[in-house]
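Below is one structure, written out as structure tokens, with a few remarks after it.
Because only heavy atoms are used, hydrogens play no part in the values below, and waters and symmetry mates are left out as well, while side chains stay in.
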Amino acid sequence: LFQAMQVALDAAAWTGGLVDPTVGAALIDLGYDRTFTRVPSVDPRPVVRVRAVAGWRQVELDDRRMRVRVPAGTVVDLGATAKGLAADWAAEQAAAAAGCGVLVNLGGDLAVAGPSPLDGWVISVRDTASLDLPVDAGPEQTVTITTGAVATSSPRARRWRRGGADLHHLIDPRIGRPARGGFRSVSVAASTCRLANAASTAAIILGDGAPQWLRARGLAARLVAEDGAVRCVAGWPSPAVGAS
């Protein structure tokens with residue numbers, strides 16, 4: 001748990017606070033702490049009050065004692081980093097135990113370890129399925145990797161309605177509400193899955209500024225706009241070119 005907190009705070013610092021582990025209370029306010037069908041979709045009251053996020057800088061780590069201190073009332077959410085960390089761990093451990101190359105897929109967070117197949121690991125990348133659309137809806141692309149990881153973030157899969165409003169789980173810590181960016185999914189290739197996951201989440205929150213932000217960090221990425229238009233940056237192969 002201590003390492004997971006370290007990774008979460010590293011991601012917060014690296015993204016300038018776009019990925020912030022202290023958004024847990026805002027998620028609970030929105031109704032993300034229960035089965036979606038138990039959240040009233042029609043309610044005369046406001047959807048949710050805007051909650052100020054405590055901020056990742058308020059979290060203190062004691063490396064020597066392996067303790068974490070958070071402000072009173074703060075709820076930690078590791079959703080933007082823990083799954084990527086778990087994929088990295090699982091791939092490394094599985095490759096060591098099996099003595100061969102492995103690919104681990106944890107719901108769209110993919111990490112590889114050990115020697116790859118001769119032609120690399122072939123991965124199908126597409127929009128995460130939403131509750132409203134068939135699983136194969138949206139543009140799809142096949143890419144190949146030999147090392148590292150790929151992660152996809154999207155506000156389309158974990159969506160629900162509350163008070164007559166459409167909500168999703170990717171919180172913009174600057175406003176304490178679901179991000180209003182212009183991309184329906186972002187896939188990022190990186191050296192580790194925890195890095196790819198943090199970057200794809202930050203890109204969704206950034207919206208229009210995401211392509212330049214990813215390009216400046218040398219992170220190959222595929223961004224799908226709300227209208228389905230695909231944009232590739234920093235070496236991610238164009239859909240017309242194919243795998244790379």
Side-chain angles (χ1 to χ4, degrees), residues 1-15 18-21 76-129 135 138 140-158 169-170 183 185-206 210 213-215 217-224 232-237 242-244:
L1 176 59
F2 189 80
Q3 184 176 356
M5 287 298 301
Q6 286 179 313
V7 169
L9 294 180
D10 286 346
W14 176 68
T15 61
L18 291 171
V19 176
D20 191 321
V76 171
D77 175 77
L78 301 176
T81 53
K83 193 166 63 168
L85 175 61
D88 289 333
W89 272 346
E92 293 164 5
Q93 294 297 317
C100 66
V102 301
L103 180 149
V104 171
N105 178 7
L106 302 182
D109 285 8
L110 289 81
V112 303
S116 70
L118 292 178
D119 295 328
W121 297 101
V122 180
I123 300 169
S124 176
V125 180
R126 63 186 175 195
D127 283 353
T128 304
V135 71
E140 181 176 354
Q141 183 181 11
T142 299
V143 297
T144 303
I145 64 172
T146 56
T147 61
V150 175
T152 297
S153 293
S154 171
R156 301 182 74 199
R158 298 181 180 92
H169 72 299
L170 296 177
F183 296 102
S185 73
V186 176
S187 300
V188 176
S191 57
T192 65
C193 197
R194 50 189 179 270
L195 177 59
N197 195 349
S200 61
T201 301
I204 289 289
I205 293 169
L206 267 175
W213 187 87
L214 291 162
R215 191 180 296 111
R217 287 155 181 77
L219 293 170
R222 174 183 188 265
L223 305 94
V224 183
C232 301
V233 301
W236 187 287
S244 164

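The closest donor-acceptor contact from the side chain of D109 to the backbone of C193 lies at 3.5 Å or more, if one exists at all.
Distance CG/D10 to CE/M5: 11.0 Å, rounded to 0.5 Å. Between the CD atom of Q93 and the CG atom of D88 there is a distance of 11.5 Å, given to the nearest 0.5 Å. Distance check: Q141 CD to C232 SG gives 5.5 Å after rounding to the nearest 0.5 Å. Going from atom CD1 of I204 over to atom CG of L223 covers 7.5 Å, rounded to the nearest 0.5 Å. Note that the CG atom of L110 and the CD1 atom of I145 stand 7.0 Å from one another [nearest 0.5 Å]. Between the CG atom of L18 and the CG atom of L206 there is a distance of 4.5 Å, given to the nearest 0.5 Å.
Taking every heavy atom of both residues into account, V186 and A203 meet most closely at CG1-CB, 3.8 Å. Nearest heavy-atom pair across A210 and F183 is CB-CE1, 4.3 Å. The two residues W236 and V150 make their nearest non-hydrogen contact at CH2-CG1, 4.3 Å. The two residues W14 and A199 have their closest heavy-atom pair at CH2-CB, 3.8 Å. Shortest non-hydrogen contact noted between A234 and R215 is CB-CA, 4.3 Å. Listed here is the closest heavy atom pair of A80 and N197: O-CG, 3.3 Å.
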Practice task
Step by step, work out the side-chain contact (heavy atoms from CB on, under 4.5 Å) result for D119 and T144.
Solution key: CA-CA 8 Å; D119 295 328; T144 303; 5.8 Å; no
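A side-chain donor-acceptor contact under 3.5 Å links S200 and S153. No donor-acceptor contact under 3.5 angstrom links the side chains of S185 and T152, judged on distance only.
Looking at heavy atoms from C-beta onward, V143 lies in side-chain contact with P237 at the 4.5 angstrom threshold.
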